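Take a look at the structure set out below.
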Amino acid sequence: MKYILVTGGVISGIGKGIIASSIGTILKSCGLRVTAIKIDPYINIDAGTFSPYEHGEVFVLNDGGEVDLDLGNYERFLDINLYKDNNITTGKIYQHVINKERHGDYLGKTVQVVPHITDAVQEWVMNQAKVPVDDDKKEPQICVIELGGTIGDIEGMPFVEAFRQFQFKAKRENFCNIHVSLVPQPNATGEQKTKPTQNSVRALRGLGLSPDLIVCRSAKPIEMAVKEKISMFCHVEPEQVIFIHDVSSTYRVPILLEEQGIIKYFKQRLNLPIDDQPSDLLMKWKKMACRYERLLKVCSIALVGKYTKLSDCYASVFKALEHSALAINYKLDLMYIDSTELERSTEAENSVKYHQAWHKLCKADGILVPGGFGIRGTEGKLQAISWARTKKKPFLGVCLGMQLAVVEFARNCLNWEDANSTEFDPDTKNPVVIDMPEHNPGDMGGTMRLGKRRTVFKTENSVLKKLYGDEMFVEERHRHRYEVNPELTHCFEEKGLKFVGHDTEGNRMEIIELENHPYFVGVQFHPEFSSRPMKPSPPYLGLLLAATGTLNAYLQRGCKLSPR
């Protein structure tokens with residue numbers, strides 16, 4: 001097993017996740033089996049109880065793990081399926097060690113950060129690195145480990161110490177450290193500054209780790225003189241300094257790394273049994289990146305949610321839309337609309353915001369209402385859904401978006417004026433969305449219906465069934481506490497809102513489709529989590545096809561994309 005540790009300096013959010021994913025993609029293109037581990041130094045057991053504004057979206061894995069969004073990057077780039085133990089947190093490690101102490105495993109010893117916590121980290125990494133993540137179920141050969149945060153953070157110190165020890169346990173030819181740093185360029189001088197990187201590398205060396213590669217992030221391409229300066233002051237060869245400037249799409253990052261000789265370096269440094277040249281896989285990435293940059297036709301989608309100030313809150317939704325747009329040769333114009341700004345209360349408080357939000361919604365080619373929790377902004381989402389239904393705008397509702405589509409239909413088509421979800425109004429007389437009794441204990445963390453579940457199609461006449469290739473069932477990832485009330489579904493079906501997909505028992509409503517509408521679809525699951533750059537998610541692909549007016553032609557071709 002070869003281990004590649006990716007650390008970061010100067011600032012967090014510098015792009016370690018994309019760089020770790022890109023390195024994995026390059027090595028996979030060389031024919032190696034690659035897995036990935038993300039370490040988050042926070043004390044939470046998992047990401048499940050975070051607000052999206054804290055760390056971005058909560059990504060859900062097949063096994064129901066609620067994890068950091070970087071695991072979504074690993075899965076999309078490497079086309080693998082990870083597990084909840086591929087996300088290590090301080091909380092998980094301490095819980096593991098404390099449980100062992102309570103069990104008596106330490107035989108009366110004083111339990112300390114060194115060696116017990118650091119040993120637990122190393123043991124976890126070595127065990128998880130062996131778990132197969134590809135469809136062929138073979139043991140990985142390379143494990144890319146991303147250490148969250150920045151070097152010098154107090155909460156990250158036990159993990160840095162663990163890897164200081166681990167580099168000797170694994171041996172030099174099996175362990176490599178990549179340090180990602182920032183090269184800022186102040187507007188006042190326009191000069192690219194190397195001092196932050198020098199200080200960051202010095203701090204890393206002071207903690208016992210020496211970088212084998214220094215990846216320098218910058219807004220613009222870095223000059224050769226800067227590369228030579230970093231090489232001299234950070235005690236590495238010039239070829240060990242890699243530049244990654246801001247690019248038009250993340251698909252370009254693996255190509256930038258490959259162009260700077262990273263395959264040859266890894267082959268020598270880790271003694272890898274590979275050729276110097278990448279395989280067809282990286283050539284496909286190159287073609288995809290070039291095609292992305294040449295797109296001319298634009299499709300605009302309005303994303304109506306309540307976490308619109310930070311794009312990472314809907315990272316997987318954005319990627320799923322982008323994959324689908326790329327598949328049909330369109331450039332995605334994603335317009336984020338804060339759902340509260342569509343509400344009547346905003347018109348009274350700030351009419352400019354209200355009319356701007358409605359202007360964006362009206363000019364969009366399609367409308368998407370993603371998942372979420374809590375009552376804030378739900379009336380605005382209902383307004384957007386009503387607009388999509390009555391104006392025959394292509395619409396996709398995901399999780400809460402599907403539930404609100406049912407609420408909107410009940411209020412405006414069945415004339416149940418107080419129809420609601422028990423999440424928002426526990427005393428409603430028409431509870432069209434109810435909580436699931438078996439998933440309603442007192443604790444909040446890990447108590448939802450999580451992970452990959454099977455959805456069975458109940459009818460042949462379903463748009464989504466055709467988009468999924470006429471499969472009898474699909475398996476997608478879930479994350480919800482509430483569901484459509486199965487006792488009331490017949491009322492909806494009589495009026496044209498069809499529940500075309502159920503769970504295996506036939507009790508849980510998984511997919512809705514509206515008759516006599518170009519594309520009005522709701523799904524209880526989260527299809528965005530399984531979307532891949534070269535395998536777009538069918539519900540999102542359907543939305544883009546309908547928004548560009550090409551859905552019927554696509555279905556008539558037997559769900560085959562036109563030649564590129």
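If you're wondering where the values come from, they're calculated on a predicted model, not measured in any experiment.
Rounding to the nearest 0.5 angstrom, the gap separating the CG atom in Asp70 from the CG atom in Asn86 is 13.0 Å. Atoms OH and CD1, on Tyr540 and Ile301 in that order, are 11.0 Å from each other to the nearest 0.5 Å. Asp85 contributes atom CG, which lies 5.5 Å from atom NZ of Lys92 (distance to the nearest 0.5 angstrom). Here the straight-line distance linking atom OG1 of Thr194 with atom CG of Asn199 works out to 9.0 Å at 0.5 Å rounding. Taken from CG in Asp40 to CG in Leu71, the straight-line distance is 8.0 Å, to the nearest 0.5 Å. Put simply, NZ on Lys38 and CG on Asn73 are 9.5 Å apart, with the number rounded to the nearest 0.5 Å.
Between Asn329 and Arg291 the shortest side-chain heavy-atom distance falls below 4.5 Å. Residues Leu555 and Leu545 fail the side-chain proximity criterion, which asks for heavy atoms closer than 4.5 Å. With a 4.5 Å cut-off on side-chain heavy atoms, Ile178 and Ile242 do not count as touching. Contact of the Ile263 side chain with the Cys30 side chain is registered, since non-hydrogen atoms from C-beta on lie closer than 4.5 Å. Counting heavy atoms from C-beta on, the side chains of Phe266 and Ile23 come closer than 4.5 Å. Looking only at side-chain heavy atoms (C-beta outward), Val201 and Ile151 stay at 4.5 Å or farther from each other. Contact check for Thr118 versus Gln122: side-chain heavy atoms found under the 4.5 Å cut-off. Considering only heavy atoms from C-beta on, Tyr554 comes within 4.5 Å of Leu467 through its side chain.
More than 12 non-hydrogen atoms from other residues, nucleotides or ligands lie less than 6.0 angstrom from CD1 of Ile11. Under a cut-off of 6.0 angstrom, the local environment of NZ in Lys169 is crowded, with over 12 non-hydrogen atoms contributed by other residues, nucleotides or ligands. Counting heavy atoms of neighbouring residues, nucleotides and ligands inside a 6.0 Å radius, atom CG of Asn187 does not exceed 12 of them. Residue-environment remark: NE2 (His235) stays at or below the threshold of 12 foreign heavy atoms within 6.0 Å. Shown here is Asp135, whose CG atom has no more than 12 heavy atoms of other residues, nucleotides or ligands within 6.0 Å.
The two residues Ser200 and Val10 make their nearest non-hydrogen contact at OG-N, 4.0 Å. Taking all atoms of both residues into account, the shortest heavy-atom contact from Lys2 to Leu270 is NZ-O, 2.9 Å. For the residue pair Asp46 and Glu66, the shortest heavy atom distance occurs at CB-O, 3.2 Å. Of all the heavy atoms in Phe529 and Glu75, the pair that sits closest is O-OE1, 4.0 Å. Here the shortest heavy-atom pairing between Ala364 and Ser300 reads CA-OG, 3.5 Å. Listed here is the closest heavy atom pair of Lys535 and Asp79: NZ-OD2, 3.2 Å.
Panel note: side chain Arg269, backbone Phe175; a donor-acceptor pair is recorded below 3.5 Å. Judged by distance alone, with hydrogens and angles left aside, the side-chain atoms of Thr25 form a donor-acceptor pair with the main-chain N or O of Ser21 at under 3.5 Å. Side-chain N or O atoms of Thr89 include one that pairs as donor or acceptor with a backbone N or O of Ile45 at under 3.5 Å. A donor-acceptor pair under 3.5 Å links the side-chain atoms of Gln167 to the main chain of Gly208, judged by distance alone. For Arg205 (side chain) and Ser210 (main-chain N/O), no donor-acceptor pair under 3.5 Å exists by modelled atom type. With Lys16 contributing its side chain and Gly149 its backbone, the two residues share a donor-acceptor pair below 3.5 Å. Listed for the Lys28 side chain is no donor-acceptor partner under 3.5 Å among the backbone atoms of Val34. Within the 3.5 Å criterion, the main-chain N or O of Asp312 finds no donor-acceptor partner in the side chain of Glu57. Remark: the backbone N or O of Leu256 is not paired with any side-chain donor or acceptor of Glu259 at under 3.5 angstrom. The backbone N or O of Ser249 sits nowhere less than 3.5 Å from a side-chain atom of Glu293 that would complete a donor-acceptor pair.
Side chains of Thr250 and Lys319: a donor on one and an acceptor on the other come within 3.5 Å. If you check the side chains of Glu528 and Tyr314, you find no donor sitting under 3.5 Å from an acceptor. Neither side chain, Ser531 nor Ser537, offers a donor N or O lying under 3.5 Å from an acceptor on the other. Counted by atom type alone, Tyr265 and Glu237 present zero donor-acceptor pairs between their side chains at under 3.5 Å. Arg76 and Ser316 are linked by a side-chain donor-acceptor pair at a separation below 3.5 angstrom, with hydrogens and angles left out of the test. For the residue pair Ser530 and Glu476, a side-chain donor N or O sits within less than 3.5 Å of a side-chain acceptor on the partner. Between the side chains of His179 and Thr7, at least one donor-acceptor pair of N or O atoms lies under 3.5 Å.
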Q | Trace of the side chain to side chain contact (heavy atoms under 4.5 Å, CB included) decision for Glu161 with Leu207 | A | CA-CA 7 Å; Glu161 172 58 22; Leu207 295 169; over 6 Å; no
Q | Pair Tyr42-Phe50, ring-ring contact (aromatic ring centres under 6.0 Å, His included): steps then yes or no | A | CA-CA 11 Å; Tyr42 46 67; Phe50 281 142; 4.9 Å; yes
Q | Intermediate values then yes/no, side chain to side chain contact (heavy atoms under 4.5 Å, CB included), Phe166 and Leu5 | A | CA-CA 11 Å; Phe166 187 69; Leu5 175 66; over 6 Å; no
Q) Could you go step by step and tell me if Val125 and Phe163 meet the side chain to side chain contact (heavy atoms under 4.5 Å, CB included) rule? A) CA-CA 10 Å; Val125 166; Phe163 286 107; 4.1 Å; yes
Q) Going through the distances and angles, do Cys216 and Val241 end up as a side chain to side chain contact (heavy atoms under 4.5 Å, CB included)? A) CA-CA 7 Å; Cys216 298; Val241 181; 4.0 Å; yes
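Look at Lys286 and Glu258 and you find a salt bridge, because one of the NZ, NE, NH1 or NH2 atoms lies within 4.0 Å of a carboxylate O, short of that distance. Salt-bridge check for Asp333 with Lys363: failed, with every basic side-chain N at 4.0 Å or more from each acidic carboxylate O.
For the pair Lys287 and Tyr292, the NZ or CZ position fails the cation-pi test of under 6.0 Å to the six-membered ring centre and within 45 degrees of the ring normal.
Relative orientation of the Phe77 and Trp285 rings is parallel, given thresholds of 30° and 60° on the angle between their planes.
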